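The model shown is predicted, which means the values in this text are computed figures rather than measured ones. Remember, it's 1-based here, ligands and their atoms both numbered in the order they're listed.
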Amino acid sequence: MSATTVVAGAILSDDGRILLAQRAYPPELAGLWELPGGKVEPGETLADALVRELCEELNVRVEVGDRLAVAVTLESGLELIALRATIVDGTPTAAEHRMIEWVDAERLRALDQAGAVVPNDREWLPEILADLLER
Ligand code: C5P
C-alpha cells in the first residue's frame, strides 16, 4: 500500500449502529459526515494504517475485520478502501473531527437524503445499510 491509498473504518456496534465522523476541513467537505480514516503510509498494511488513524482520530483501539467490496477511485488518483472494525478499547472522541455520532440505518438514510454524507463515502452506503439491518 502507498500514500495514494486512503483507508476508512466501518466501525459497527453490536446494537446495529455505525460510527460516523463530521469533517472539520477542507471547507468544501466541512460539516459532512464520513467514515473516519486517512492515508496509508508507505510500508503499512491497510489494517496497520486503520488502527493508527483511528487511534489518532478517535482515541480508540480497534480490531480490524474484512473489507467492504466497493473501492472508490477519486479523480485525484487516491484510492479509498473501507474495512469493517470493532472497538476493543476506549470510548471514541472527536480528536480531529467536529463531532462523532453512532447512527442507525434510519439516521444514516436521513443524513444521506439531506446531502450530509461525504460524496465518496456514499458508495459504501448500500453495504453499510445491509450490515446494520442484519444485526
Ligand atoms: O481525512 P484525510 O483528509 O486525511 O483524507 C484524505 C482525503 O481522502 C480527503 O481529502 C478526502 O478526499 C478523502 N476521504 C474520503 N472519505 C473518507 C476519508 C477520506 O473521501 N472517509
Report task. Look only at interatomic distance and state if P26 has a nitrogen or oxygen under 3.5 Å from any nitrogen or oxygen of ligand 1. Result -> no
Query raised in the report: Nearest to atom 17 (C) of ligand 1, what protein heavy atom do you find, and at what distance?
Result: E34 OE1, 3.2 Å
Report task. State the atoms of ligand 1, each with its element, that fall below the 4.0 Å cut-off from a heavy-atom position in G37. Result -> 1 (O)
Requested in this report: Assess E53 for proximity to ligand 1: is some non-hydrogen atom of it under 4.0 Å away?
Outcome: no
Report summary line: Numbered in order shown, the ligand 1 atoms found under 4.0 Å of a heavy atom of L35 are 17 (C), 21 (N)
Query raised in the report: Hey, does N120 come in under 3.5 Å of ligand 1, counting only N/O atoms on both sides?
Result: yes
Report summary line: Closest to atom 7 (C) of ligand 1 among protein heavy atoms sits L78 CD1, 4.0 Å
Query raised in the report: For T45, does its backbone N or O pair with a side-chain atom of D48 as donor and acceptor, under 3.5 Å?
Result: yes
Query raised in the report: Hey, which atoms in ligand 1 end up nearer than 4.0 Å to a heavy atom of L80?
Result: 15 (C), 16 (N), 20 (O)
Query raised in the report: Do any N/O atoms on W124 end up under 3.5 angstrom from N/O atoms on ligand 1?
Result: no
Query raised in the report: Is D121 in polar range of ligand 1, meaning some N or O pair under 3.5 Å apart?
Result: yes
Query raised in the report: Under 4.0 Å between a Lys/Arg side-chain N and an Asp/Glu carboxylate O for R107 and E101?
Result: yes
